[in-house]
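Notes for the one structure printed next.
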Amino acid sequence: MLDIPVAYGPRQPLPLRTPYVVGESTGSFVNRYAHSNGMELHEFLDRVGQGKASEDPARVGKYPQVTEMYVNAAGLRYLAVLTDQPAAFLQRMLPSLAEQHLLPGTDEAVWKWPWEPSEGHLVPCCTLCAQDRGVREPAWLMSADSWRVCPRHHSWTDDSRSDDPAFVDLAELPETVWAHRQRQRLRRWFGPAGEELFADAFQVAVHWWTTMPHATRWVQRARSAGLEVRAMRAAPLVLYPEAASLALAMLRFEHDGKRDPAGRARWLAGVQHLMEGWEVDFGVGKQPLLAWLERHSHAAAPAPAHSPRRCRLRLAMGHDRIAARTGSLDRRSCLPWQLGMAAAEL
């Protein structure tokens, strides 16, 4: 890909380096790289190839906050020269430079800033994580979902671009930190199946929040976070603990393998007991649980014996026919995507 002869373009790197942040958006990185070399973003773009942008430099400078920058193979080569790094290294650091995201065309270097990222969300990097890496200005990460939890510094950020608040300190919400760590354990122990079970549980919890947003615990968490009780951006933060607990219950159902009517009824009764403890109305919230049981009523074929231990949990065939292997939580769930989107109507 990178052996294409290019007649023009940069011949040597810029003099000053900038720290790398794993998972950063390309636009955020090149913005910081420009600044570290005494340039504005619009000046740096001229060195990366051809593209269309606003004639207002100030407006161009705001691009990294709202959308992502994409390049073609020749543009990636230009970036590799300017940063004095192998293209493969840049692709590991910056997810939007992956092969599947490169723009078409190989003869001329091209860049583009679409109205919104083609995949994922721009979420601010945790300020303390950035500072630990030597980053002294705002940086944005590419995230599959519209929010992120930093378990190291107990903070939460999202793509709302709101300064009220710009981030949430989770010191008053230890249960949300616990929930995020549970999600990480599911992913670490069970691979894709663990993440998909969490996605299923999260979809159910979003449905509960959509229909019962005034549950006491969710109201209290929203207020502790300084968020409006019914604000869409509050939903992931306040329902995270219930989603994590429900994911563990779903994991037990998969492990037990009791999928007959009696087994499903026992599992449902156990979840009802959890919901009563959460003061979430079972009568109102059972519909997505029944939908989940329907899709998980038949076991999947066993995983091959040579599969890594973390990949040996196989979810039901009804789940696998619907859930995606990558992407946001609503895509990775077997439940109707409308469950996750319903909150957007509030």
Exercise for review: Please assess Arg325 against Asp320 for the test salt bridge (Lys or Arg N to Asp or Glu O under 4.0 Å), listing each intermediate value before the final yes or no.
Suggested key: CA-CA 9 Å; Arg325 292 298 181 186; Asp320 284 340; 3.3 Å; yes
Check your understanding: Hey, mind stepping through Leu268 and Phe282 against side-chain contact (heavy atoms from CB on, under 4.5 Å) and telling me if it holds?
Key -> CA-CA 10 Å; Leu268 198 61; Phe282 177 75; 3.8 Å; yes
Point to revise | salt bridge (Lys or Arg N to Asp or Glu O under 4.0 Å) between Arg221 and Glu172, worked out | key: CA-CA 9 Å; Arg221 287 182 195 141; Glu172 300 298 323; over 6 Å; no
Point to revise | Evaluation steps, side-chain contact (heavy atoms from CB on, under 4.5 Å), between Gln203 and Asp330 | key: CA-CA 7 Å; Gln203 284 289 93; Asp330 59 331; 3.8 Å; yes
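Under 3.5 Å, the side chains of Glu68 and Trp140 contain no donor-acceptor pair of N or O atoms. Ser328 and Asp145 form no side-chain donor-acceptor contact under 3.5 Å, judged by distance and modelled atom types alone. In this structure, a donor-acceptor pair under 3.5 Å is present between the side chains of Ser160 and Asp158.
We find that Glu242 and Arg217 are joined by a salt bridge, their nearest charged nitrogen and carboxylate oxygen being less than 4.0 Å apart.
Between the side chain of Thr67 and the backbone N or O of Tyr63, no donor-acceptor pair lies under 3.5 Å. Ser333 places no side-chain N or O within donor-acceptor distance of the main-chain N or O of Leu329, the cut-off being under 3.5 Å. Side-chain N or O atoms of Asp260 include one that pairs as donor or acceptor with a backbone N or O of Gly263 at under 3.5 Å.
Checked against side-chain hydrogen bond (donor to acceptor under 3.5 Å, both in side chains), Thr157 has no partners two or more places apart in sequence or in another chain.
The side-chain hydrogen bond (donor to acceptor under 3.5 Å, both in side chains) pairs that include a residue from residues 40-61 number zero, where partners must be two or more places apart or lie in different chains. For residues 22-38, the pairs satisfying side-chain hydrogen bond (donor to acceptor under 3.5 Å, both in side chains) are Thr18-Arg32, Glu24-Ser28, Glu24-Arg32, Asn31-His35, His35-Glu137, with sequence neighbours left out.
Atom CD of Glu116 has 12 or fewer neighbouring heavy atoms from other residues, nucleotides or ligands inside a 6.0 Å radius.
Tyr240 and Phe202 have perpendicular rings, their planes meeting at more than 60° on a 0 to 90° scale where under 30° would count as parallel.
The side chain to side chain contact (heavy atoms under 4.5 Å, CB included) test with Leu251 singles out one residue from Asp256, Leu246, Leu197, and that residue is Leu197. When each of Arg295, Arg259, Arg314 is paired with Glu254, the salt bridge (Lys or Arg N to Asp or Glu O under 4.0 Å) condition holds for Arg259 and for no other.
Distance check: Leu128 CG to Cys150 SG gives 7.5 Å after rounding to the nearest 0.5 Å.
A centroid separation of less than 6.0 Å is found between the aromatic rings of His255 and Phe190.
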